[in-house]
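Quick notes on the structure that follows.
One-based numbering, in listed order, for ligands and for the atoms of each. These values consider heavy atoms only, across backbone and side chains, with no hydrogens, waters or symmetry-generated copies.
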Amino acid sequence: MDLTITDVRLTPILVADPPLLNTQGVHQPYTPRLIIEVETADGVTGLGETYGDTKYLELARPFAGRLLGRSVADHNGLFTVMNGVDVDRERVVDQVDVGGLRGVQTADKLRLSVVSGFEVACLDALGKALGLPVHALLGGKVRDAVEYSAYLFYKWAEHPAGVAAERDDWGAALDPAGVVEQARKFTERYGFTSFKLKGGVFPPEEEIAAVRALAEAFPGHPLRLDPNGAWSVETSLTVAKELGDVLEYLEDPALGTDAMAEVAARAGVPLATNMCVTTFAEIPDAFTRGAVQVVLSDHHYWGGLRNTQRLAAICRTFGVGVSMHSNTHLGISLAAMTHVAATVPGLHHACDSHYPWQSEDVLTQRLTFDAGRVTVTDTPGLGVELDHDRLAFLHRRWLDDDGTLRDRDDAAAMRVAEPGWETPSVPRW
Ligand SMILES: O=C([O-])[C@@H](O)[C@@H](O)[C@H](O)[C@@H](O)C(=O)[O-]
Ligand SMILES: [Mg+2]
């Protein structure tokens, strides 16, 4: 068996995204992703996926070239090689990843966000070569299915008039009744039993009313609200007081460890995060100060599946819960999330996934949710297959774009409907 990498193919694509609202604006009609194919001397191909914005492509391209001749089994080597790839300082000056509401933006985090896609591709190739599923390469599954939650968004019925976009059949959700109707569709279509509402869009009292309506419609079901750090400490405490009896956790109510620690100390509701703790460097301060009770790992920016396992072990040590964050990802990443989640003991919360919002994919067969769960496959590798025609079609869309959609910008997308819109300063309420 020859595990030497002989070819790496990088294909940036644009995939349809509905008009989902968040505190920064609205999702663009098409969002960028990068599909990675790593091929071995024996002709085995592994698949990976990560963010496709320019700043990631800039790193992925030189990185891919340096992997030729290395082994798909050398996962540690990926990090060493990536350390040698320069990150343009301009990319990290702001310190905050404004495009995706995903916490600090450091050079290392950018590197890890790229390495992760290649790690998954290498694991997929290695698993196929050895006849083992990815979860076996990660030490073996401790569960046969992974539970996901319904990811509710305030949304418009369609993208603004005149904007080229795909239509969706979810309808609008702009008030409590709309949110409950969307939640019902999620349960009918996928069987989810936990619900997360993306907040920070409307004044807190409106979002409190929406969560109350969910609690009435789905009594006893785990509920979460995530305003992406849009609230002050006082507002966070007010919301926690109003919703404390129905929330499983409050996600990133306020921005930064100081504010989160203050809210956590007084709220009486567990706090989850995918913004306050998104790198290993942020863990000591946040954990020792009790700023977060659940970390939502995202294998893309934590540096892959094995780093997610390491994060889970650290969380366990500190008595902090762990679950999974998600952004606009496709089936390759959902498969990767499912494999790693299957290996993490003590995964007590249903994981997030945007996948139901992504009507387009690059797989021959979409992954499915059954009773809100994805079955953990024992098929070698990730257990997914690339649809080359679909990949070419979605890549063509990327090639045809004049550059406006190649970097996700929710504020720019919002300006189409509301000229003059600027990313709101935080705290917004
Ligand atoms: O896609 C969105 O609008 C989400 O708000 C996303 O950007 C976040 O990264 C995320 O899903 C979250 O849980 O904060
Ligand atoms: Mg979040």
Heavy-atom contacts under 4.0 Å between M275 and ligand 1: side chain, backbone, both, or neither?
neither
For the 3.5 Å polar cut-off, considering only N or O atoms, please tell me whether N22 and ligand 1 meet it.
yes
Atoms of ligand 1 under 4.0 Å from any heavy atom of Y151, numbered from 1 in the order shown, are 4 (C), 10 (C), 11 (O), 12 (C), 13 (O)
If you look at D226, which of its N/O/S atoms is nearest to the Mg ion (ligand 2)?
OD2
State the atoms of ligand 1, each with its element, that fall below the 4.0 Å cut-off from a heavy-atom position in H27.
1 (O), 2 (C), 3 (O)
Distance-only donor-acceptor check, side chains S323 and D352, under 3.5 Å:
no
Ring centroid separation for F186 and F195, is it under 6.0 angstrom?
no
Would you confirm whether the ring centroid of H354 sits within less than 6.0 angstrom of the ring centroid of F153?
yes
Does this structure show an ion pair linking D108 with R111, if we count only N-O contacts that are shorter than 4.0 Å?
yes
Between W398 and R406, is there a cation-pi geometry (under 6.0 Å to ring centre, at most 45° from the normal)?
yes
Check N228 against ligand 1 and report side chain, backbone, both or neither, counting heavy atoms closer than 4.0 Å.
side chain
When you check the gap from the basic side-chain N to the acidic O, do R289 and D258 get nearer than 4.0 Å?
yes
Hey, is ligand 1 close enough to D410 that some N/O pair sits below 3.5 Å?
no
Determine whether the aromatic ring centres of residues F63 and F118 are separated by less than 6.0 angstrom.
yes
Any idea which atoms of ligand 1 are less than 4.0 Å away from a heavy-atom of S326?
10 (C), 11 (O)
With ring centroids as reference points, do F202 and W429 lie under 6.0 angstrom apart?
no
What atoms of ligand 1 come closer than 4.0 angstrom to any heavy atom of D226?
12 (C), 13 (O), 14 (O)
Record the part of R408 in heavy-atom contact with ligand 1 below 4.0 Å; permitted values are side chain, backbone, both and neither.
side chain
Ligand 1 contact on K196 by region, counting heavy-atom pairs under 4.0 Å:
side chain
